[in-house]
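Throughout, a chain's letter reflects where its sequence line sits, starting with A, and its residues are numbered from 1. As the structure is a prediction and not an experimental result, all values here were calculated from the model.
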Amino acid sequence: MSKPFLSLLSLSLLLFTSTCLATSSEFDRLNQCRLDNINALEPDHRVESEAGLTETWNPNHPELRCAGVSLIRRTIDPNGLHLPSYSPSPQLIYIIQGKGVIGLTLPGCPQTYQEPRSSQSRQGSRQQQPDSHQKIRRFRKGDIIAIPSGIPYWTYNNGDEPLVAISLLDTSNIANQLDSTPRVFYLGGNPEVEFPETQEEQQERHQQKHSLPVGRRGGQHQQEEESEEQKDGNSVLSGFSSEFLAQTFNTEEDTAKRLRSPRDKRNQIVRVEGGLRIINPEGQQEEEEEEEEKQRSEQGRNGLEETICSLKIRENIAQPARADLYNPRAGSISTANSLTLPILRYLRLSAEYVRLYRNGIYAPHWNINANSLLYVIRGEGRVRIVNSQGNAVFDNKVRKGQLVVVPQNFVVAEQAGEEEGLEYLVFKTNDRAAVSHVQQVFRATPADVLANAFGLRQRQVTELKLSGNRGPLVHPQSQSQSN
Amino acid sequence: MSKPFLSLLSLSLLLFTSTCLATSSEFDRLNQCRLDNINALEPDHRVESEAGLTETWNPNHPELRCAGVSLIRRTIDPNGLHLPSYSPSPQLIYIIQGKGVIGLTLPGCPQTYQEPRSSQSRQGSRQQQPDSHQKIRRFRKGDIIAIPSGIPYWTYNNGDEPLVAISLLDTSNIANQLDSTPRVFYLGGNPEVEFPETQEEQQERHQQKHSLPVGRRGGQHQQEEESEEQKDGNSVLSGFSSEFLAQTFNTEEDTAKRLRSPRDKRNQIVRVEGGLRIINPEGQQEEEEEEEEKQRSEQGRNGLEETICSLKIRENIAQPARADLYNPRAGSISTANSLTLPILRYLRLSAEYVRLYRNGIYAPHWNINANSLLYVIRGEGRVRIVNSQGNAVFDNKVRKGQLVVVPQNFVVAEQAGEEEGLEYLVFKTNDRAAVSHVQQVFRATPADVLANAFGLRQRQVTELKLSGNRGPLVHPQSQSQSN
Amino acid sequence: MSKPFLSLLSLSLLLFTSTCLATSSEFDRLNQCRLDNINALEPDHRVESEAGLTETWNPNHPELRCAGVSLIRRTIDPNGLHLPSYSPSPQLIYIIQGKGVIGLTLPGCPQTYQEPRSSQSRQGSRQQQPDSHQKIRRFRKGDIIAIPSGIPYWTYNNGDEPLVAISLLDTSNIANQLDSTPRVFYLGGNPEVEFPETQEEQQERHQQKHSLPVGRRGGQHQQEEESEEQKDGNSVLSGFSSEFLAQTFNTEEDTAKRLRSPRDKRNQIVRVEGGLRIINPEGQQEEEEEEEEKQRSEQGRNGLEETICSLKIRENIAQPARADLYNPRAGSISTANSLTLPILRYLRLSAEYVRLYRNGIYAPHWNINANSLLYVIRGEGRVRIVNSQGNAVFDNKVRKGQLVVVPQNFVVAEQAGEEEGLEYLVFKTNDRAAVSHVQQVFRATPADVLANAFGLRQRQVTELKLSGNRGPLVHPQSQSQSN
């Protein structure tokens with residue numbers, strides 16, 4: 001046998017071994033957050049629907065695996081209806097643009113909204129009874145909306161411009177008892193798969209299933225034959241036979257057929273011709289509604305169990321007047337957590353809205369008890385992230401539509417560009433997320449500890465501790481002027 | 001070198017690579033719940049004992065790995081004693097048949113039961129002192145019993161028929177700080193391994209241990225030589241030398257030898273000749289006892305810490321009068337959760353008992369916040385389970401003794417057979433497990449949303465929302481009659 | 001082709017396959033706690049600093065992976081300062097020797113300590129303002145100190161002998177949202193990597209990063225070029241440019257340069273020439289201070305949120321008078337848990353200090369709800385650990401400086417040597433860790449159950465239950481005397 005062959009063989013074997021090891025180490029929990037290089041991520045996949053667009057990030061990005069989350073951006077056209085769906089992971093939605101209405105179905109809660117059919121009087125349908133349903137809530141740009149795990153919700157754009165929203169699915173949340181794959185269950189329609197990366201293998205296997213004998217563990221459980229009906233939809237009802245659905249829901253065969261298989265190509269966001277005919281509590285002033293909700297939520301501190309039916313699920317965090325932190329030259333920060341929106345206690349999630357003016361800096365800080373996901377809403381800027389070994393794992397420009405993962409305890413600083421400000425939302429995987437600011441740590445540390453840690457003279461330590469900004473929002477020019 | 005050999009080589013390499021990849025992907029957390037096909041599972045392994053039988057399900061079934069649980073079915077003959085054991089995973093036991101007594105040993109709790117030796121007066125043993133021990137509890141068919149993690153318990157069949165029980169071990173429970181392998185620690189006797197699938201590798205290694213030099217990390221820790229005593233038992237005491245046990249427990253050498261090595265083949269369930277001589281509080285009426293326990297548990301709402309010694313650990317959920325949901329033509333559902341049995345709050349588990357009459361249907365629904373494990377107690381029927389992509393991952397007949405895993409948020413519907421009813425228990429991995437019923441979601445959703453989601457006409461939506469059944473238990477014939 | 005080559009090939013392939021399978025199974029969660037053989041572990045790695053030594057255990061030891069923890073032993077010379085650092089994992093520190101002061105920086109807490117500069121009057125620095133900072137706490141040998149995740153702290157040895165401490169990092173704690181790799185973030189200085197085992201791959205990749213094109217996911221995010229400044233330090237500030245730091249903190253360029261790159265080889269523990277000039281509340285009597293802290297902690301039962309700024313973080317558990325369990329001939333046990341030190345409720349950790357006199361035995365017991373880590377402080381003795389199958393997975397002598405992992409529910413017994421006593425600390429991964437003692441289980445179990453479980457006669461059971469020791473601390477000689 002020739003030497004070259006042997007070398008080739010050795011090479012091949014080496015290659016396979018290393019492949020094997022690489023593959024294994026990829027699944028090592030110890031490696032999951034070894035992020036030497038974080039990337040700004042844009043959506044990897046898009047599903048076009050009749051009246052909108054669903055974009056998702058591949059959950060296998062190392063950054064997203066480390067944070068244990070998945071993200072979806074949805075655009076719903078005017079008169080578009082995002083069909084009822086639910087997920088085992090809790091969701092936090094931020095409304096980037098537009099307005100709409102949302103309906104959640106909370107089990108065991110009464111149908112408190114009754115459509116005033118008598119006054120609207122649509123004749124010609126005598127058996128028509130007035131429709132009743134659970135509460136509908138309005139939302140608008142700047143709102144965050146909390147969706148508990150397992151609770152179905154639908155969304156409708158009743159505005160004049162596209163409704164754009166970004167959703168966090170916290171797949172590593174304790175509420176999700178399945179694995180970390182993002183799952184969206186649609187109750188109706190013919191939705192297309194939203195996270196194809198996690199489904200490929202499954203579909204392959206599914207095809208195999210039809211060529212292989214089923215029920216291999218004991219011959220007694222035969223797959224009942226129902227192949228006369230083809231599976232058309234991807235909603236959960238399409239997995240049942242129309243005969244069974246008709247029996248169960250006591251409907252006509254035709255209704256049952258439509259329940260399981262709408263045979264349409266409208267996908268998950270459908271157009272409502274003529275607009276959705278639902279109660280539109282437009283008469284109420286928004287401020288009143290919010291006040292009322294706030295009161296309710298304050299009474300209901302002891303939680304999901306007792307007041308779930310009237311629990312407030314949204315909060316506007318983009319209003320300038322609401323800022324928790326404000327520097328007129330640098331920018332502002334607003335936070336929504338379980339103290340301002342109690343339902344977040346059950347989701348174990350919170351959010352922060354940051355607006356930086358031109359050149360404004362959010363000085364170096366770290367998230368004490370949460371991973372955070374920074375999504376750029378408007379403008380451009382630069383983000384710097386440093387890991388535990390002092391390496392800059394991210395130091396790049398960011399722009400509208402990009403997502404940056406900032407792992408727990410990594411030090412991060414944001415800065416708006418010179419030409420326009422920077423506006424971004426931060427999702428955090430803790431309902432009481434806390435931040436530590438490097439400069440506040442300097443202030444809280446004895447001068448002599450700092451002098452010895454950094455090799456600074458007394459004068460320099462005093463400069464570091466006392467001059468400069470008092471808050472974490474900094475405007476560099478204004479500082480040098482004041483000096 | 002010949003071509004055929006090269007092909008063979010390529011083939012081999014390919015094979016190994018794919019094996020390697022397959023093996024790796026098997027351990028990927030992302031894949032753990034990719035269940036395209038759920039199987040009804042029957043026990044995989046059996047251990048016969050002197051006075052009973054232990055059957056276990058292989059915890060490596062993909063369904064059980066996804067749910068993160070293990071299951072054991074035990075049959076204890078009359079006068080059989082299941083030896084004291086404990087597990088790092090909390091356990092929920094359902095009594096399928098028979099009756100018995102159970103003793104838990106809660107650390108720090110007093111010996112409140114004193115055997116009335118004086119009146120029973122067994123002469124001939126003058127040094128005999130009256131025996132005292134912790135509370136003993138009676139149980140019977142239809143009870144669920146909660147065993148916290150790490151707490152030893154023994155069970156004795158004091159009835160006339162075999163006692164049959166099915167136990168859930170929630171290995172993925174936060175209380176279990178070890179890995180997801182089920183572990184049962186026996187305090188005494190010579191138990192046989194109950195989950196051999198998880199032990200094989202260990203036993204291999206154990207054999208290796210004896211042929212390989214030990215203490216390889218630093219020569220200073222030599223394995224002390226005690227090979228004069230062979231390890232006979234598998235109880236935790238068999239790992240100590242009898243000399244050490246005699247010293248520690250201050251007993252004679254012979255007693256210590258028996259503690260570590262009973263040298264018997266009776267395994268984990270032993271026959272008690274002449275019956276177990278313990279207090280049998282037969283005099284008390286069961287109803288009284290239960291009432292008393294209920295009162296105690298209501299006072300003790302603030303938990304395990306303060307009232308653990310008197311905490312109620314069992315509840316009967318099979319009594320027809322106890323049903324939480326009842327349809328005289330379709331069936332009934334009873335639930336035990338942390339509201340009815342507060343100890344379940346610490347176990348984070350709950351249970352549901354469902355009885356469906358002939359043809360009765362439990363309409364499509366999903367578990368919002370729990371995985372569920374359906375065990376068929378009696379009768380036969382059919383179960384349908386649909387995943388997030390609308391695939392029927394299970395659509396089969398089920399019969400007595402089978403186990404079906406229903407993952408969180410998967411839609412499930414059960415139906416009793418035409419010839420006999422269906423009776424089953426559902427273990428749920430949440431102490432406040434909540435269910436959402438598809439039909440109730442329809443009712444709570446505005447008519448126009450349904451019309452647009454499914455392409456239904458107004459009349460059909462009204463039919464779907466208002467006609468038919470009001471509850472999730474449905475009897476198809478009675479419906480068509482009423483129509 | 002020759003036969004030998006074929007054999008060799010087969011062998012190689014076999015080898016690779018088995019390597020591959022072994023590698024995979026190593027990462028199987030099901031295998032993580034299959035410990036057939038536990039080893040006493042000594043530190044694997046040491047980092048020498050100017051004024052001290054950092055020793056770490058390799059977190060990849062199977063025992064430590066099972067328990068989900070990492071350990072660090074630090075020795076700080078007199079006048080040594082351990083630089084400010086934080087970790088996403090909560091830490092529990094035990095002071096083995098010496099005394100010192102510690103400063104934590106809790107976000108949002110006031111600078112309550114003001115240095116009395118005016119009276120101490122260091123002339124020559126007119127612009128010098130009095131320094132203020134957060135509370136400083138003193139500690140001494142026998143203290144445990146709780147450090148929440150994400151909170152920076154520094155330590156200074158103000159005594160005359162080396163300060164020795166052992167720290168547990170609970171990487172599997174719910175507070176750590178990253179993977180199970182231990183991470184220490186230094187705010188300043190030029191620390192050397194403390195857990196090199198977990199970093200190797202990262203550094204390799206880091207080197208690759210510089211030879212590979214960056215920003216491969218979309219050309220729009222270019223790595224900004226800042227290579228004019230070399231990365232010198234390993235602190236989190238070294239990842240930022242000095243220009244940016246100067247801008248942000250409003251300092252001179254030279255100060256900023258020192259912040260990011262102290263260019264020293266002093267590593268993480270530096271010598272403070274002339275001693276650290278900080279408030280030394282030496283005047284207060286320690287007893288008073290402790291009393292005061294105790295009162296505060298009792299008022300502040302409702303937690304971290306409301307009283308975090310004044311929360312007590314330390315407790316002395318080595319004082320003989322504090323023992324929770326005492327046998328004058330065998331030894332004593334002290335426990336610190338969330339009942340004695342409420343902050344432990346948020347760390348979900350507790351500790352136990354055990355002192356055994358010569359030949360003293362801590363009789364067989366198991367941890368109900370925690371993994372435990374036994375660290376030998378002084379003396380020598382022998383530890384026995386038995387797993388669920390009754391195998392002695394550890395039965396060896398232990399000595400000062402060794403660490404032994406005792407997994408949840410494994411049965412363990414300790415015994416001091418014949419020539420000197422044994423003193424050890426046990427870290428436990430539960431803030432309300434509970435222990436079950438085999439002998440107490442015997443006492444709480446009906447005599448006839450024991451008789452049947454172990455094949456004992458009535459007389460032997462009575463001996464087992466009633467004679468001998470009442471407590472878990474046993475002195476063998478004293479027993480045989482009393483018999």
Side-chain angles (χ1 to χ4, degrees), chain B residues 1 5 12 16 20 23-24 27 81 83-84 88 103 105 107 111 125 128-129 131 133-134 149-150 152 154 175 177-181 183-185 187-189 198 202 205-206 209 217-218 221 223-224 233-236 238-240 247-251 255 258-259 262 264 270 272 276-278, chain C residues 1 13 16-17 20-21 24 27-30 32-34 36-37 39-40 42 361 363-364 368-371 384 386 388-392 395-397 407-409 411 429 434 436 439-441 443-449 452-456 458 460 462-464 466-469 474 476 479:
Chain B
M1 198 168 59
F5 171 72
S12 311
F16 288 130
C20 173
T23 311
S24 298
F27 302 114
L81 171 70
L83 297 179
T105 308
Q111 276 93 271
S125 57
Q128 189 95 31
Q129 298 179 25
D131 186 39
H133 51 78
Q134 283 192 12
S149 57
W154 54 266
Q177 295 198 356
L178 302 181
D179 57 34
S180 58
T181 301
R183 285 176 173 80
V184 180
F185 293 74
L187 272 171
T198 67
Q202 199 161 8
R205 283 198 216 149
H206 189 69
K209 201 173 84 180
R217 279 176 221 157
H221 1 102
Q223 188 98 9
E224 316 277 304
N234 293 309
S235 80
V236 289
S238 68
F240 295 95
Q247 233 181 13
T248 302
F249 297 132
N250 194 20
T251 62
T255 305
R258 285 173 184 275
L259 285 183
D264 59 35
V270 305
V272 179
L276 200 66
R277 288 168 300 176
I278 49 161
Chain C
M1 200 170 59
L13 288 176
F16 288 131
T17 320
C20 173
L21 289 169
S24 299
F27 301 115
D28 182 2
R29 271 191 71 225
L30 277 177
Q32 215 158 305
C33 282
R34 280 209 194 153
D36 316 295
N37 192 23
N39 289 281
E42 300 196 9
I361 294 174
I368 285 180
N369 54 4
N371 290 315
R384 296 165 171 92
V386 178
S388 64
Q389 296 171 273
N391 297 324
D395 184 358
N396 286 316
K397 289 229 170 75
Q408 185 187 13
N409 282 11
V411 179
T429 57
S436 194
Q439 186 149 21
Q440 289 178 4
V441 173
R443 291 230 171 78
T445 304
D448 218 23
V449 171
N452 279 282
F454 296 110
L456 294 174
Q458 198 65 39
Q460 289 174 309
T462 307
E463 182 195 16
L464 189 64
L466 298 179
S467 72
N469 300 281
V474 180
Q479 276 193 324

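Residues C/Q440 and B/Q111 have side chains not in contact (no heavy-atom distance under 4.5 Å, counting atoms from C-beta outward). For the pair C/L464/C/L456, a side-chain contact is recorded, criterion being any heavy-atom separation below 4.5 Å from C-beta on. Side-chain contact between B/N234 and B/F185 is absent, with no heavy atoms from C-beta onward closer than 4.5 Å. Under the 4.5 Å side-chain criterion, counting only non-hydrogen atoms from C-beta, B/R183 is in contact with C/C33.
Residue with the most contacts toward chain B among C/V449, C/V411, C/T445, C/I361: C/V449 (heavy-atom pairs, distance under 4.5 Å). Note: C/N409 leads C/N371, C/I368, C/N409 in heavy-atom pairs under 4.5 Å with chain B. When each of C/S436, C/A444, C/A434, C/P407 is scored by its heavy-atom pairs under 4.5 Å with chain B, the top score falls to C/A444.
Looking at B/L187, both its backbone and its side chain come within 4.5 Å of chain C, counting heavy atoms on both sides. Contact of C/N369 with chain B is made through the backbone alone, with heavy-atom distances under 4.5 Å. Heavy-atom distances place the side chain of B/V270, and not its backbone, under 4.5 Å from chain C. Residue contact with chain C, scored on non-hydrogen atoms closer than 4.5 Å, involves the side chain of B/L83 exclusively.
Closest non-hydrogen pair, B/R258 versus C/Q460, comes out as CD-OE1, 4.3 Å.
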Begin from the C-alpha positions of C/N452 and B/W154 and carry the test side-chain contact (heavy atoms from CB on, under 4.5 Å) through to its verdict. CA-CA 12 Å; C/N452 279 282; B/W154 54 266; over 6 Å; no
